[in-house]
Amino acid sequence: MATKKEKKEKRAQAEAQRKEMAKKRFRHTAVALALAGGAVALNFGFNSQYGTTFYEWIQIGCFLMMGMAGGVMMLGAKYEENEKQQRSKRTTGLVFIVVALGVIMSELVQMFMK
């Protein structure tokens, strides 16, 4: 039978582990949001270049950043509290990656078919 001291130590360890997981979850979420927000800001920042080859490369870069945000989401999924949240985060990250790759491929095909 565990003593009160052992139970208290186990609770303290569990709490410390929860706090560490929360920090890691926050970091991954912040990086993913920064990448996605940076992509959107970059896109709107160069909107005046619309129609140029330079803008097409900016678009590719923006979608590459969105794909990276999806990758960070997938990496951060392992720090979620339960399996349902992990699956949801992995699926969302995968959607970001697939959409980004699809748009990048489409942009490249359009650029090289001109």
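Quick caveat, the model's predicted, so the values are computed rather than measured.
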Exercise. Given Tyr55 and Tyr50, is the ring pair (Phe, Tyr, Trp, His ring centres under 6.0 Å) satisfied, shown in steps?
Worked result: CA-CA 6 Å; Tyr55 183 76; Tyr50 183 79; 5.5 Å; yes

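The pair Glu81-Arg18 does not meet the salt-bridge criterion, since no charged nitrogen lies less than 4.0 angstrom from a carboxylate oxygen.
Side-chain atoms of Ile60 and Met111, non-hydrogen and from C-beta on, do get closer than 4.5 Å to each other. The side-chain heavy atoms of Gln86 and Lys89, taken from C-beta on, include no pair separated by under 4.5 Å. Looking only at side-chain heavy atoms (C-beta outward), Gln59 and Phe46 stay at 4.5 Å or farther from each other. Inter-residue side-chain proximity for Leu75 and His28 is flagged as met; some heavy-atom pair is nearer than 4.5 Å. Taking the side chain as every heavy atom from C-beta outward, Arg27 and Lys23 approach each other to under 4.5 Å.
Separation of atoms CE (Met66) and CZ (Phe96) is listed at 5.0 Å; rounding is to 0.5 Å.
Shown here for Arg90 and Ala77, the closest heavy-atom pair between the two residues is CG-CB, 3.5 Å. The shortest non-hydrogen separation linking Ala32 to Ala69 is O-CB, 3.5 Å.
Here Phe112 pairs with nothing under the ring-ring contact (aromatic ring centres under 6.0 Å, His included) rule; sequence neighbours left out. Scored by the ring-ring contact (aromatic ring centres under 6.0 Å, His included) test, Phe63 finds no partners at all (sequence neighbours excluded). Residues meeting the salt bridge (Lys or Arg N to Asp or Glu O under 4.0 Å) test with Arg87, sequence neighbours left out: none.
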